[in-house]
Amino acid sequence: MILLKIRNKKDFINSFLGSISNLNDMGILTVTADSLTCILASADATIVCKSTISVECDMPQDSITLNIPDIKRLVRVLDILPDQSIELKIESNNISYNKGGYKFKYHLLDDGIIKQPNLNMEKVSKLNFDTTFKVKEQNLSTLFKGSSFTSETHKLYIFQEEQDKIIGELGDKNRHNTDNFVCELSNETEGSMITKPLPLNFESFRLINFNGCREMVFKVNQEMGVLTCSFNKGDTSLIYIISALIN
């Protein structure tokens with residue numbers, strides 16, 4: 001048996017589990033002595049999330065994996081618990097809790113049933129990113145509001161009009177007479193110019209758990225058509241890898 005101590009249940013639910021459950025119902029958590037990590041892809045594999053949160057765990061080995069069959073169901077039972085600092089017991093095939101009159105047992109799947117995303121995070125981190133820019137929460141809020149106007153399309157184009165201005169455009173450049181909405185996303189950029197619009201699936205973009213995050217850092221590799229988005233929420237660090245659409 002292993003004891004897993006979570007300092008802030010609300011942060012664990014909202015920032016860590018909430019972020020990965022936006023992408024998929026099932027996931028594999030890797031537990032070490034001081035962290036929980038999950039790498040998860042959306043159903044169409046257009047976006048991958050790596051979520052890491054600080055924890056305390058009396059590990060007898062370097063790491064173990066927990067195969068979670070239904071992340072949202074785990075969230076529901078944790079949400080019932082009154083304490084904000086909780087201690088979970090990990091056995092070979094389940095996670096359990098027993099304190100203050102509250103008790104549950106959540107069964108895990110066997111190894112090999114849930115598939116990890118076919119993505120090497122180490123290779124992604126070593127990519128040469130041409131352009132880096134910071135986006136504030138209010139700018140993303142404006143973009144999402146604009147999506148109610150362009151409801152007939154699900155494409156987001158990211159491009160530069162000037163050296164220091166990153167623009168987001170909702171629309172579809174491959175269709176005639178489609179409405180579009182354009183707004184500035186950032187005026188804090190580093191690196192080379194984005195030479196041509198980077199088309200993204202806006203529905204994948206919606207899966208990113210931006211809520212409560214004041215600023216996000218985006219990086220673009222134009223040759224590979226890859227964009228990353230990273231930020232911290234409480235004790236949780238999040239990095240999203242988004243693949244551009246093929247025009």
Side-chain angles (χ1 to χ4, degrees), residues 14-27 38-51 68 70-73 75 114-119 121 124 129 131 133-160 166-186 194 196-213 215-222 224-231 233 236 238-247:
N14 294 340
S15 301
F16 182 78
L17 294 178
S19 298
I20 58 178
S21 67
N22 279 355
L23 271 66
N24 211 312
D25 291 332
M26 299 190 297
C38 183
I39 300 174
L40 197 68
S42 61
D44 60 3
T46 57
I47 181 169
V48 176
C49 173
K50 179 182 179 183
S51 180
I68 309 296
D70 188 331
I71 299 168
K72 287 186 172 66
R73 190 155 58 88
V75 166
I114 303 175
K115 302 299 181 184
Q116 285 276 34
N118 187 24
L119 179 74
M121 293 296 296
V124 171
F129 290 96
T131 311
F133 57 94
K134 296 179 180 178
V135 178
K136 291 182 169 33
E137 184 182 22
Q138 64 190 47
N139 296 74
L140 279 177
S141 178
T142 300
L143 183 70
F144 281 104
K145 287 177 182 176
S147 66
S148 63
F149 171 70
T150 57
S151 56
E152 75 281 0
T153 181
H154 302 293
K155 289 185 179 180
L156 166 65
Y157 298 89
I158 291 178
F159 59 95
Q160 278 180 273
I166 302 292
I167 306 298
E169 178 180 353
L170 295 165
D172 192 335
K173 297 181 182 295
N174 294 326
R175 293 167 54 192
H176 296 293
N177 301 321
T178 56
D179 299 332
N180 72 335
F181 176 81
V182 180
C183 67
E184 181 179 312
L185 293 180
S186 175
I194 299 176
K196 61 180 181 179
L198 188 73
L200 306 173
N201 182 342
F202 189 61
E203 294 308 303
S204 296
F205 202 75
R206 287 182 188 274
L207 300 177
I208 301 177
N209 187 7
F210 293 119
N211 292 340
C213 183
E215 187 175 77
M216 291 65 66
V217 177
F218 288 83
K219 296 182 179 181
V220 177
N221 179 298
Q222 296 184 64
M224 301 288 291
V226 173
L227 178 142
T228 68
C229 171
S230 58
F231 52 93
K233 298 181 69 173
T236 303
L238 294 157
I239 179 168
Y240 292 85
I241 300 93
I242 309 167
S243 300
L245 297 171
I246 299 173
N247 277 331

Hey, mind stepping through Lys50 and Val124 against side chain to side chain contact (heavy atoms under 4.5 Å, CB included) and telling me if it holds? CA-CA 12 Å; Lys50 179 182 179 183; Val124 171; over 6 Å; no

Where do Thr142 and Phe181 land on the side chain to side chain contact (heavy atoms under 4.5 Å, CB included) test, with the steps shown first? CA-CA 10 Å; Thr142 300; Phe181 176 81; 4.1 Å; yes

May I have the step-by-step check of side chain to side chain contact (heavy atoms under 4.5 Å, CB included) for Leu170 and Thr153, ending in yes or no? CA-CA 8 Å; Leu170 295 165; Thr153 181; 5.6 Å; no

When you look at Phe231 and Ile208, which way does the side chain to side chain contact (heavy atoms under 4.5 Å, CB included) test go after all the steps? CA-CA 11 Å; Phe231 52 93; Ile208 301 177; 3.9 Å; yes

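The number of heavy-atom neighbours closer than 6.0 Å to NZ of Lys145, taken from other residues, nucleotides and ligands shown, is 12 or below. Counting non-hydrogen atoms of other residues, nucleotides and ligands closer than 6.0 Å to NZ of Lys196 gives a total of 12 or fewer. Within 6.0 Å of NZ on Lys233 lie more than 12 heavy atoms contributed by other residues, nucleotides or ligands.
Between Asp25 atom CG and Ile114 atom CD1 the span is 10.5 Å, to the nearest 0.5 Å. The CD1 atom of Ile158 sits 5.0 Å away from atom CG of Leu156, with the distance rounded to the nearest 0.5 Å. Note that CG of Asn24 is 6.5 Å distant from CD1 of Ile71, once rounded to the nearest 0.5 Å. Rounding to the nearest 0.5 Å gives a distance of 10.0 Å between CD1 of Ile68 and CZ of Arg73. To the nearest 0.5 Å, the span separating NZ on Lys72 from CG on Asn22 amounts to 6.0 Å. Rounding to the nearest 0.5 angstrom, the gap separating the CG atom in Leu227 from the NZ atom in Lys219 is 11.5 Å.
Ser15 and Thr236 form no side-chain donor-acceptor contact under 3.5 Å, judged by distance and modelled atom types alone.
Residues Leu198 and Ala244 approach most closely at CD1-CB, 3.7 Å, considering heavy atoms. What you find for Val135 and Leu185 is that their closest heavy atoms are CG1-O, 3.6 Å. The two residues Thr150 and Asp179 make their nearest non-hydrogen contact at CG2-O, 3.8 Å. Scanning all heavy atoms of the two residues, the minimum distance from Ile47 to Ser204 falls at CD1-O, 3.6 Å. Nearest approach of Tyr157 to Gly171, heavy atoms of both residues: CE1-O, 3.6 Å. Closest heavy-atom contact between Ile20 and Ser51: CG2-CB, 3.7 Å.
Under the 3.5 Å distance criterion, the side-chain polar atoms of Asp172 are left unmatched by any main-chain donor or acceptor of Lys155. Using a distance-only test at 3.5 Å, with no hydrogens or angles considered, a donor-acceptor pair links the side chain of Asn209 to the main chain of Asn14. Side chain of Ser141 to backbone of Glu137: no donor-acceptor contact under 3.5 angstrom is found.
Pro197 has its side chain out of reach of Glu169: every pair of non-hydrogen atoms, C-beta onward, lies at least 4.5 Å apart. Residues Ser147 and Arg206 are in side-chain contact: their nearest non-hydrogen atoms beyond the backbone lie under 4.5 Å apart. Between Tyr240 and Leu207 there is no side-chain heavy-atom pair separated by less than 4.5 Å. A heavy-atom distance below 4.5 Å is found between the side chains of Leu238 and Cys49.
Separation of the Phe205 and Phe210 ring centroids falls under the 6.0 Å cut-off.
Ring geometry for Phe133 versus Phe218: interplanar angle under 30°, hence parallel rather than tilted (30 to 60°).
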